[in-house]
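Working notes for the structure below.
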Amino acid sequence: MLEIYNSLSRRKQAFRAPDSGPVRMYVCGITVYDYIHLGHARMLIVFDLVARYLRSRGYQLTYVRNITDVDDKIIARANQNGEPVEALTQRFIDAMHEDEDALGIARPDLEPRATVHMPQILGMIGRLVENGSAYLAGNGDVYFRVRGFAAYGQLSGRTPDEMLSAPDAAADVDPGEEKEDPLDFALWKAVKPGEPSWDSPWGPGRPGWHIECSAMSTHCLGDSFDIHGGGQDLRFPHHENEIAQSESATGARFVDVWMHNGFVRVDEEKMSKSLGNFFTVRDLLQHYDAEVIRFFVLSSHYRSPLNYTDSSLEQARNGLQAYYLALQDIPAGGRLLEHWQERFRAAMDDDFNTAEAMAVLADLRHEINRARDGGPEPLADLGYTLRTLAEPLALLQRPAEDFLRGTGGGVGGLSDAEIAAQLAEREQARADRDWARADGIRDALASKGVILEDGAAGTSWRRT
RNA sequence: GGCUGGGUGGCAGAGUGGUUAUGCACCGGCCUGCAAAGCCGAGUACGUCGGUUCGAUUCCGGCCCCAGCCUCCA
């Protein structure tokens with residue numbers, strides 16, 4: 001039985017799929033004004049994992065992940081670049097897709113963009129104004145009346161009064177805002193010079209950040225849906241506000257299960273743009289295979305902080321390499337060994353505990369190596385089982401040679417042909433029992449990142 | 001100040017009221033011309049002070065420390 005930790009109830013709960021129709025999942029995606037970094041990648045990988053695992057468990061799933069393509073930062077960046085907003089966002093949407101593809105992240109079923117859902121956004125704001133949940137201020141902004149929503153604070157575990165007692169709470173109201181209450185937040189921002197705008201019943205302007213997700217998620221999935229995900233930092237205020245808006249507009253319970261992934265840290269500090277301590281996916285891919293990055297991300301539980309240090313990806317690479325070494329030359333065919341599946345499933349059913357699940361895969365790998373010397377379970381079955389179980393993790397799906405001989409992201413290394421030539425030369429040296437020369441060639445290759453292994457069936461090689 | 005979540009062996013990272021997590025690294029042995037990979041084996045843990053218990057890393061309480069949110073942020 002699958003259990004998922006629900007941020008709303010603050011405990012693990014048995015997952016209940018809808019009585020009919022697919023499981024509906026919405027995840028807050030990327031605000032596109034720059035290249036994605038490892039923190040974004042974690043979110044993308046985690047929910048890709050959730051989607052894949054749900055499907056592997058037999059659920060039908062509709063997975064929606066939005067793209068925020070209008071907001072303060074985007075506008076600021078576009079102005080800074082002297083570039084139209086649409087050009088900027090399209091550029092980084094393309095870049096995001098490239099990075100996703102590289103990381104083996106399957107596209108969600110729907111990828112709605114805020115700027116093409118203005119009718120839905122305006123419709124929801126209209127309903128909120130009509131039923132008194134929101135109001136038009138003198139400055140042309142439309143605000144949501146937080147005090148009018150009794151359940152406000154349920155997700156963040158704070159009452160409105162507690163929020164106001166924060167040290168800097170009074171500073172929440174920016175100059176130019178005309179809120180009835182400091183906690184109120186903008187649904188619609190009146191246009192300012194140099195900003196893109198859309199017509200609305202309240203005058204030209206653009207949507208606030210939170211409303212797009214309420215409008216697009218309910219538009220794509222219905223007033224109520226099953227899972228809503230995003231990074232930990234979105235829990236408040238973004239998701240709290242989504243609940244308030246959506247439920248005030250529809251009168252229905254918005255979301256069943258809220259999932260929040262933990263942060264990536266760098267030397268125990270949050271990785272973020274504002275701290276400047278981030279690594280973009282593109283930079284990392286220059287040095288490491290994408291699967292190594294995925295392996296690293298999945299090595300810890302999705303809710304735990306993931307600490308990135310200099311050796312993190314080295315460790316991950318060595319670890320992943322061992323799996324592919326075990327999978328090398330495994331006979332084709334085979335069938336799924338169910339007792340391994342049970343162990344794996346038990347781990348994954350426990351709130352997607354990939355760390356535990358990967359320990360099962362490590363044991364399985366060990367069993368494969370033992371089976372080569374004749375074990376109780378057939379090699380082909382063990383290999384097939386390992387690959388099959390790793391499917392929802394999107395790991396170990398390539399031919400072993402591809403991974404082991406891949407460029408590893410290294411630039412300027414030896415070509416396959418050059419390596420082959422060196423190997424032939426070394427074979428001759430070995431045949432001549434000229435060990436000094438053979439070892440010299442091996443050392444020279446090693447210094448260029450090529451590892452040789454002499455086996456019964458000849459010498460094999462791989463790149464580090 | 002309020003609210004979250006944490007403190008596990010050299011590093012990463014699960015888990016459990018009494019029995020080996022797992023991986024990487026390191027050490028010994030086997031294998032190898034020597035290596036590598038693999039196998040076999042060893043070692044190094046559970047922030048701190050109390051409490052409950054026959055027994056706590058695991059439950060309870062205090063304390064210390066860390067990270068995050070309370071403002072844009074995956």
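Of the residues near RNA chain B, A:Asn261 and A:Asp350, the one whose nearest nucleotide (by heavy atom distance) lies more toward the 5' end is A:Asp350. If A:Ser156 and A:Phe295 are placed on RNA chain B by their nearest nucleotide, the residue sitting closer to the 5' end is A:Ser156.
Taking atom P on both B:C59 and B:G18, the two are 11 Å apart, rounded to the nearest angstrom. The C1' atoms of B:U44 and B:G28 are separated by 15 Å, rounded to the nearest whole Å. Between B:U16 and B:U22, the distance separating the two C1' atoms is 15 Å to the nearest Å. For the C1' atoms, the distance linking B:A37 with B:C24 amounts to 16 Å, nearest Å. Using atom C1' as the reference point in both B:C73 and B:A35, the two lie 50 Å apart (nearest Å). Straight-line distance between the P atoms of B:C70 and B:C60: roughly 29 Å, to the nearest whole Å. For the P atom pair drawn from B:A56 and B:C69, the interatomic distance equals 38 Å after rounding to whole Å. The gap from the P atom of B:G2 to that of B:G10 amounts to 35 Å, rounded to the nearest Å.
With hydrogens and angles ignored, a donor-acceptor pair under 3.5 angstrom links the side chain of A:Arg442 to the base of B:A35.
Across all strands, A:Asn318 comes closer than 4.0 Å only to sugar-phosphate atoms, never to a base (heavy-atom distances). At the heavy-atom level, A:Glu453 lies under 4.0 Å from base atoms of the strands shown. Residue A:Arg370 is in sugar-phosphate contact alone, with no base atom involved, counting any heavy-atom pair closer than 4.0 Å across all strands shown. Residue A:Leu234 is classed as a sugar-phosphate contact, given heavy-atom separations below 4.0 Å to backbone atoms only. Counting non-hydrogen atoms under 4.0 angstrom, A:Gly262 reaches a base of the nucleic acid. Across all strands, A:Arg437 comes closer than 4.0 Å to no nucleic acid atom at all (heavy-atom distances). If you check every strand for non-hydrogen atoms under 4.0 Å, A:Arg65 touches nothing. Among the heavy atoms of the strands lying under 4.0 Å from A:Val264 is at least one base atom, whether or not backbone atoms are also near. The residue A:Ser7 sits apart from the nucleic acid: no heavy atom pair falls under 4.0 Å. Using a 4.0 Å heavy-atom criterion, one finds that A:Thr31 contacts the sugar-phosphate atoms exclusively. Within the 4.0 angstrom heavy-atom criterion, no nucleotide atom of any strand lies near A:His260. Within 4.0 Å (heavy atoms only), A:Asn369 reaches sugar-phosphate atoms of the nucleic acid but no base atom. Heavy atoms of A:His238 sit nowhere under 4.0 angstrom from any nucleic acid atom. Nucleic acid contact for A:Phe236: sugar-phosphate only, since backbone atoms but no base atoms lie under 4.0 Å from a heavy atom of the residue.
For A:His366, whose side chain is taken as the heavy atoms from C-beta onward, the closest listed nucleotide among B:C40, B:A21, B:C70 is B:C40. The side chain of A:Ala322 lies closest to B:C24 when the candidates are B:A36, B:C24, B:G15. Counting only heavy atoms from C-beta on, A:Gln315 has its side chain closest to B:G23 among B:G23, B:G13, B:A36. Listed nucleotides: B:A67, B:C73, B:G13. Nearest to the side chain of A:Trp209: B:C73. When each of B:G2, B:G13, B:C73 is scored by its nearest atom to the side-chain atoms of A:Ala355, the top-ranked nucleotide is B:G13. Here B:C72 is the nucleotide among B:A74, B:G33, B:C72 with the atom lying nearest to any side-chain atom of A:Lys73. In the set B:A37, B:G68, B:A14, B:A14 carries the atom at the smallest distance from any side-chain atom of A:Ser304. Out of B:C69, B:U4, B:G2, the shortest distance to the side chain of A:Glu162 is found at B:G2. Of the candidate nucleotides B:U22, B:A37, B:A14, B:U22 has the atom lying nearest to any side-chain atom of A:Ala362.
Between A:Asp181 and A:Arg145 there is no salt bridge, since no side-chain N of the basic residue sits under 4.0 Å from a carboxylate O of the acidic one.
With hydrogens and angles left out, the side-chain atoms of A:Asp71 and A:Thr31 include no donor and acceptor closer than 3.5 Å.
With a cut-off of 3.5 Å on both pairing distances, the Watson-Crick or G-U wobble partner of B:C24 is B:G10. Base pairing of B:C54: its partner is B:G18, meeting the Watson-Crick or G-U wobble criterion (both donor-acceptor distances under 3.5 Å). B:C3 is paired with B:G68 under the criterion used here, namely a Watson-Crick or G-U wobble arrangement in which both key atom distances are under 3.5 Å.
Remark: the backbone N or O of A:Ile211 is not paired with any side-chain donor or acceptor of A:Ser214 at under 3.5 angstrom. Under the 3.5 Å distance criterion, the side-chain polar atoms of A:Asn81 are left unmatched by any main-chain donor or acceptor of A:Glu83.
Relative ring orientation between A:Phe185 and A:Phe144 is described as parallel, the plane-to-plane angle staying below 30° on a 0-90° scale split at 30° and 60°. Using a 30° and 60° split on the angle between ring planes, A:Trp209 and A:His238 fall in the parallel class, below 30°. Using a 30° and 60° split on the angle between ring planes, A:Trp258 and A:Phe254 fall in the tilted class, from 30° to 60°.
By the 5.5 Å and 30° criteria, A:Trp435 is stacked with the base of B:G33.
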> Does the pair A:His339 and A:Glu377 meet the rule for a side-chain hydrogen bond (donor to acceptor under 3.5 Å, both in side chains), with working shown?
Replying inline: CA-CA 12 Å; A:His339 61 282; A:Glu377 296 181 290; 3.0 Å; yes
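Protein atom CE of A:Met259 is 14 Å distant from nucleotide atom C1' of B:A74, rounded to whole Å.
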